[in-house]
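As structure tokens, the structure follows; a few thoughts come after it.
Letters go in sequence order (proteins before strands), and every chain restarts at 1.
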Amino acid sequence: MATVSRYLGPGGPRWSGRAQSRWVATLAWFFTVVLGLTACADASRRFTGVWRAVEPLDSTWLTGRPELAIGHFGRELTGVVHFLDDNGLPSQSCPCAFLDQRDLDLDLGTFVVTAEVCDAGIWAFEATLDENGADPALEVTVYRTDATSDRVTGRFVLEDVFVSDDRRECEP
Amino acid sequence: MKRAACIAIALTVLAGAGQVHAARPELPTGPWKSIVVAVLPVTYFGASSEDLFVERPETTALRAEAARWHRGLELAFSGRDQVQVLGATELSERLTRSSELRRTRELAQERYALGIERWRALAPRDALTQLDRARELLVESDNDLVGPRLLADVEMHRGLALMDLGEVGPARIAFARMFVLDPTRRFERGYYGQKVEQELAGAARDVSQIPDPLSLVWPADRLGALARRLGVDVFALGLVLPRTSAGIQGAILEVGLFDAATGTFTRRESFALSDGALISGDLDRIVSAWHACALEAPRDLVRPQARPRWFVDFGYAHSVWLQHRRTRNYLHGPGTHIGVTFVPTPGLELWFKTEQRVTVSDANADLLDVFTTTHFALGAGLGVGNDGFRFSLRAGIEAAFSLADIGMTTDVDCKFFGADNDRCRGIFTAQSPAFWLGLDFAASVRIAPTRDFYLTLTTGTTIYALSGSLVSELNFPLYGSLGFGLPF
């Protein structure tokens with residue numbers, strides 16, 4: 001019987017429990033990597049949103065609560081700066097200006113943009129991202145690039161991650 | 001106490017049944033394969049100079065015994081499990097199935113007829129040429145083993161032609177070959193002349209003194225070739241010999257079993273013809289012993305399970321556009337994949353696949369919005385491997401299309417403010433539907449831990465040659481897919 005059974009057709013190999021566990025672990029690792037890679041993509045949009053000054057800025061040449069509407073796309077960003085008074089209303093003299101990128105460092109979380117502010121020259125906004133608080137915030141230093149002026153520093157918090165169409169418009 | 005004993009007995013019975021169930025050997029699956037045994041005609045090998053012209057009564061009786069034990073040999077094999085018995089008629093039919101062999105035999109007959117004509121026209125040299133060729137053709141078509149009468153005729157006339165040419169020695173050899181092929185041939189006294197009759201008688205005497213006629217009548221190498229041609233596993237052969245053999249008085253029946261797997265005679269036995277009942281019993285014993293041994297021999301008795309030919313799999317697919325002229329980073333496209341593969345022969349496969357991929361924006365958002373592409377591809381491939389692992393190379397054609405506009409730009413102002421804004425310098429847009437057509441090349445691996453499912457990994461690229469404006473913008477998607485499939 002044993003001799004005959006030796007020549008009878010064998011069935012397929014059975015799948016051991018250890019092999020099953022190995023496959024499950026492999027699949028779990030694979031999906032974790034995929035999800036992780038997906039999560040990493042958010043770093044290229046970290047500055048996108050509407051950032052508004054927490055406290056009114058108080059200097060001889062810049063007052064009110066400016067607002068930065070930033071569009072961040074990987075290694076580039078652009079946007080609009082809205083000049084609002086203490087009550088959040090657009091400034092009558094110069095309501096807004098377009099932003100031009102000067103520098104962007106994703107590792108340090110900093111960027112520098114400039115804006116030609118109506119007839120008041122070119123202003124630079126140096127921002128550093130602060131994610132240590134409850135909400136993301138930018139520590140922004142504003143100064144004039146075309147004339148000697150004191151630097152104005154303020155803290156801008158993220159009001160909205162989504163930049164609506166009206167915040168993208170600027171007609172100085 | 002009684003209850004405890006009953007429970008113990010019941011548990012013991014159950015445990016035993018479980019063990020028996022567990023120990024039961026796995027039954028084979030698939031159809032069983034028979035051992036094909038061909039029984040060649042048992043002939044009376046009694047060429048004698050005394051029977052040259054008139055057959056003696058004892059010779060007639062021995063020829064009848066040969067016919068009887070041919071039937072006995074067939075009956076000894078019939079009815080046994082996994083044994084398929086073929087007679088001489090079936091063997092001839094199998095031979096004639098081959099058109100090539102049929103044609104060879106027809107050519108041999110033509111040459112033979114031509115040889116006789118030349119011999120009658122007193123042209124023995126020409127006749128010999130034709131008869132030699134006829135002999136070659138008949139041996140080529142195995143007619144020396146199955147239906148040797150025509151070959152015996154050819155040898156007869158070769159001998160006659162050689163006698164006319166004065167080559168007595170070769171003529172005698174031809175006559176001897178004739179008697180080996182047809183030991184019962186008779187002649188009309190005085191028809192061929194005294195010289196020929198003298199050589200015929202001498203050839204008959206020579207043949208009667210052959211020590212091992214079984215090996216001469218059926219050479220092992222010729223039997224092996226015939227077995228391969230006809231798909232026969234074993235030849236059962238027999239000869240009735242008139243003379244006394246070692247230890248046996250009187251005429252004997254010599255039986256041999258030739259195994260095609262080893263190319264040798266695995267069994268040779270001799271029986272005294274005087275006791276028919278004893279022969280039947282001994283023959284049955286020998287065939288039974290062979291039968292038991294044949295079943296244990298390293299021979300596949302079970303046909304292997306049918307090879308699955310259809311494979312259907314689905315899974316995850318991912319692609320990267322290698323050519324992306326309007327974007328600075330690669331564009332990735334995760335998606336799903338469904339594939340169907342048909343394997344008509346172990347090396348060839350025909351495949352079809354369909355994929356749905358979503359090409360997502362890169363980190364810089366140079367691709368303004370995601371777009372979905374639907375892909376259809378089919379082609380052929382060559383593969384190597386076995387049921388557990390297979391590697392194949394594939395080629396085919398692919399058609400892909402997208403129902404969404406494809407917009408690409410590196411201008412950050414276009415991305416933020418929109419295409420209509422004055423700050424936007426321009427966006428490349430491919431209007432929908434977008435269509436690509438090209439050639440697909442891939443390598444595929446299939447791993448089947450069991451016969452019930454498999455995992456497949458495929459990687460390849462598509463070279464789009466026809467896609468309107470998009471060939472230069474987006475091309476050469478490098479893709480990979482990981483799938484789970486079922487064979488049918």
>> Tell me the closest heavy-atom pair linking A/R168 and B/F416, and the distance in Å.
In response: NH1-O, 2.5 Å
> Of all heavy-atom pairs between A/T78 and B/D413, which one has the smallest distance, and what is that distance?
Replying inline: OG1-OD1, 2.9 Å
To the nearest 0.5 Å, tell me how far [X] [atom1] sits from [Y] [atom2].
X      : Y      : atom1 : atom2 : answer
B/T410 : A/R75  : OG1   : CZ    : 10.5 Å
B/R423 : A/D100 : CZ    : CG    : 5.0 Å
B/D362 : A/F73  : CG    : CZ    : 11.0 Å

Within a radius of less than 6.0 Å around [atom1] of [X], do more than 12 heavy atoms belonging to other residues, nucleotides or ligands occur?
X      : atom1 : value
B/F391 : CZ    : yes
A/Y143 : OH    : yes
A/E116 : CD    : no
B/N386 : CG    : yes
B/D420 : CG    : no

> With only heavy atoms counted, which part of B/N421 is less than 4.5 Å from chain A, the side chain, the backbone, both or neither?
Replying inline: neither
> So, A/R45 side chain and B/A363 main chain: donor-acceptor pair closer than 3.5 Å or not?
Replying inline: yes
>> Would the distance check show the side chain of B/N364 and the main-chain N or O of A/E76 forming a donor-acceptor pair, the cut-off being under 3.5 Å?
In response: no
>> Please classify the contact of A/L106 with chain B as side chain, backbone, both or neither, using a heavy-atom distance under 4.5 Å.
In response: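 When you check distances to chain B, no heavy atom of A/L106 falls under 4.5 Å.
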